[in-house]
Amino acid sequence: MTARILLLPGDGVGPEVVDAARRVLERASELWRLGLELESGLIGGAAMDMEGDPLPPSTVAACKAADAVLLGAVGGPRWSDPSSPVRPEQGLLRLRRDFDLFANLRPVRVFPSMVDRAPLRADLLSDVDILFVRELTGGIYFGARQEDDGSGEAHDTMTYRTSEVERIARVAFEAARRRRHRVTSVDKANVLASMRLWRRTIDRVAADYPEIGLEHVLVDACAMYLMQRPSGFDVVLAPNCFGDILSDEAATLAGSLGMLPSASIGHGNFGVYEPIHGSAPDIAGRGVANPTAAILSAALLLRHSLGRDDVARGIEEAVKASFASGLRTADVAGPNGRICSTDEFTGSVLDLLE
Ligand code: IPM
Ligand code: MG
């Protein structure tokens with residue numbers, strides 16, 4: 001087996017956490033003889049600085065030549081001038097859109113040794129096992145947009161087509177089949193027309209999956225239930241924007257935004273894998289970022305794009321065991337915990353892989 005993986009570190013803590021994941025991929029490649037070939041490319045603010053484009057043609061070409069992409073994070077205060085016509089985030093959004101990566105999978109699990117780190121009571125957390133299925137190439141992120149051109153008005157449009165809702169619904173129902181057979185679909189159908197189309201379409205697709213239990217929950221209520229009864233969820237199916245917001249909320253269950261990985265996939269095996277967290281400019285360059293989300297994203301890459309569930313599990317177990325051994329980066333250390341660096345945590349994962 002050989003496979004080409006493109007690393008797109010991006011901005012802020014991106015390079016640090018992608019470097020951690022690269023070390024894990026290289027070790028896994030040796031141990032399991034995966035023949036991984038790793039290359040790096042530019043995206044986001046880093047690409048704007050070098051090439052004047054947050055997703056330069058060279059990066060698009062490298063993505064096309066790769067079997068999968070591991071991405072760090074994009075954005076930061078240096079490129080955040082609201083009057084600037086180009087932003088780092090546009091690189092990521094174009095990558096998702098141009099490669100038709102319409103399904104974003106965000107698994108949320110709480111490591112047993114971490115239940116005391118979340119702000120919720122431990123008894124609410126023990127059985128949490130949620131898979132967010134976030135629609136990624138439609139909705140308000142990609143609808144018609146008008147910047148304020150001096151008129152004192154701007155707008156973004158939430159648009160969904162039946163075909164877009166259908167295909168993401170099928171991803172969610174298929175995932176539920178392999179899990180606990182429940183789908184919670186999130187919408188705001190009491191107010192928004194696009195969300196009434198969403199709900200009707202989900203109901204129609206659900207008819208093909210009689211063995212799956214379906215509930216519709218309004219997004220505001222869903223935000224509350226995630227804190228009230230997080231273990232009651234199995235698959236949560238959400239439109240682009242709501243999925244973005246709810247998955248950050250759900251990260252508090254796992255102890256920190258630094259814990260959760262994601263997989264952005266489309267029709268084939270190609271995918272883009274990235275932490276759900278952002279570039280965290282406040283802690284960038286200090287070697288203290290939590291590499292867990294990036295390392296677990298590498299595991300998802302091996303599982304979904306390369307079909308190596310066995311290796312993915314090996315990595316996930318090594319991360320779990322590192323937490324069980326008491327190692328904690330600053331974001332999850334708590335008031336009395338000893339704080340380890342990105343490097344120390346990654347070193348532990350590497351040791352435990354063997
Ligand atoms: C995410 C991020 C992105 C999003 C940003 C960086 C554009 O928040 O992947 O969750 O909103 O999708
Ligand atoms: Mg987000």
Side-chain angles (χ1 to χ4, degrees), residues 4-25 38-81 84 86-99 101 104 106 134 136-137 141 244 247-248 251 256-265 270-301 305 329 331 342-343 346:
R4 297 178 74 168
I5 297 174
L6 178 67
L7 308 175
L8 297 178
D11 309 320
V13 296
E16 297 160 61
V17 298
V18 166
D19 193 61
R22 176 190 56 77
R23 290 167 62 197
V24 172
L25 281 170
L38 307 180
E39 287 176 70
S40 294
L42 293 167
I43 194 165
M48 285 166 62
D49 289 349
M50 301 286 285
E51 316 248 336
D53 181 347
L55 187 70
S58 55
T59 298
V60 174
C63 287
K64 284 186 179 146
D67 294 295
V69 174
L70 184 74
L71 194 142
V74 295
R78 277 180 52 213
W79 310 278
S80 288
D81 177 359
S84 162
V86 185
R87 304 177 57 92
E89 290 80 1
Q90 289 164 350
L92 178 57
L93 296 175
R94 261 167 53 206
L95 179 62
R96 292 170 176 173
R97 178 74 169 210
D98 292 356
F99 286 83
L101 304 170
N104 184 229
R106 299 189 160 185
R134 170 188 174 194
L136 202 61
T137 52
Y141 275 49
D244 177 47
S247 56
D248 268 30
S256 156
L257 210 47
M259 300 292 292
L260 298 192
S262 84
S264 302
I265 55 180
F270 178 78
V272 173
Y273 299 82
E274 56 170 320
I276 81 157
H277 64 70
S279 61
D282 51 324
I283 59 162
R286 296 183 7 217
V288 299
N290 186 346
T292 302
I295 292 171
L296 294 178
S297 295
L300 292 182
L301 181 158
S305 283
T329 46
D331 56 322
T342 309
D343 204 52
T346 308

- line: Residues at least two apart in sequence or cross-chain that pass side-chain contact (heavy atoms from CB on, under 4.5 Å) with A251, listed by chain then number, are L257, L260, I276
field: Pairs meeting criterion salt bridge (Lys or Arg N to Asp or Glu O under 4.0 Å) with involvement of residues 38-57, two or more places apart
entry: R4-E39, D49-R78, D53-R94
message: My understanding is that only residues two or more places apart in sequence, or in another chain, count here; which of them pass side chain to side chain donor-acceptor pair (under 3.5 Å) with S262?
response: N104
task: For D282, enumerate each residue passing the side chain to side chain donor-acceptor pair (under 3.5 Å) test, keeping only those at least two apart in sequence or located in another chain.
output: none
Considering only distance and modelled atom types, tabulate donor-acceptor pairs under 3.5 Å from the side chains of residues 292-300, sequence neighbours left out.
| from | atom 1 | to | atom 2 | distance (Å) |
| --- | --- | --- | --- | --- |
| T292 | OG1 | N290 | OD1 | 2.6 |
| S297 | OG | E274 | O | 3.2 |
| S297 | OG | A293 | O | 2.7 |

- prompt: Where is the tightest heavy-atom contact between V13 and G278, given as atom of each residue plus distance?
  reply: CG2-O, 3.9 Å
- request: Apply side-chain contact (heavy atoms from CB on, under 4.5 Å) to R22 and list each qualifying residue two or more places apart in sequence or on a separate chain.
  value: L7, D19, E26, L38
field: For the student: nearest non-hydrogen atoms of P275 and G72, plus distance
entry: CD-O, 3.5 Å
message: Can a donor-acceptor pair be found, under 3.5 Å and without considering hydrogens, that links the side chain of S256 to the backbone of D331?
response: no
- request: Working to the nearest 0.5 Å, report the span between CD1 of I5 and OG of S305.
  value: 8.5 Å
- prompt: Going from CD on E89 to CD1 on I43, what distance comes out if it is rounded to the nearest 0.5 angstrom?
  reply: 10.5 Å
message: Applying ring pair (Phe, Tyr, Trp, His ring centres under 6.0 Å), can you list everything that pairs with F99, at least two apart in sequence or on another chain?
response: F270
query: Between L70 and L6, is any pair of side-chain heavy atoms under 4.5 Å apart?
result: no
field: Validation row: Y273, V69 side chains within 4.5 angstrom (heavy atoms)
entry: no
- prompt: Of all residues at least two apart in sequence or in a different chain, which pass the side-chain contact (heavy atoms from CB on, under 4.5 Å) check with T59?
  reply: L8, L42, L55, P56, C63
query: Are any of the side-chain heavy atoms of V74 and S279 separated by less than 4.5 Å?
result: no
- prompt: Under 4.5 Å between any side-chain heavy atoms of L71 and L95, yes or no?
  reply: yes
- prompt: Which pair of non-hydrogen atoms, one from A68 and one from L301, has the smallest distance, and what is that distance?
  reply: CB-CG, 3.6 Å
field: Heavy-atom pair of closest approach, residues P88 and P54
entry: O-CB, 3.8 Å
message: Using the side-chain contact (heavy atoms from CB on, under 4.5 Å) criterion, which residues pair with R97? Sequence neighbours excluded.
response: T137, F142
- request: Please name the pair of heavy atoms, one in A20 and one in T342, separated by the smallest distance, quoted to 0.1 Å.
  value: CB-CG2, 4.5 Å
task: Mind checking salt bridge (charged side-chain N to carboxylate O under 4.0 Å, His left out) for D98 and listing every partner two or more places apart, or none if nothing turns up?
output: none
task: Dump the intermediate steps for side chain to side chain contact (heavy atoms under 4.5 Å, CB included) on H277 and D248, then the final yes or no.
output: CA-CA 8 Å; H277 64 70; D248 268 30; over 6 Å; no
- request: Go through the structure and list residues passing salt bridge (charged side-chain N to carboxylate O under 4.0 Å, His left out) with R106, not counting sequence neighbours.
  value: none
task: Over all heavy atoms of both residues, which pair between T329 and P291 is shortest? Give the atoms and the distance, please.
output: CG2-CD, 4.1 Å
message: List the residues meeting side chain to side chain donor-acceptor pair (under 3.5 Å) with D11, not counting sequence neighbours, and say none if there are none.
response: none
Close side-chain approach of R87 and W79, heavy atoms under 4.5 Å: no
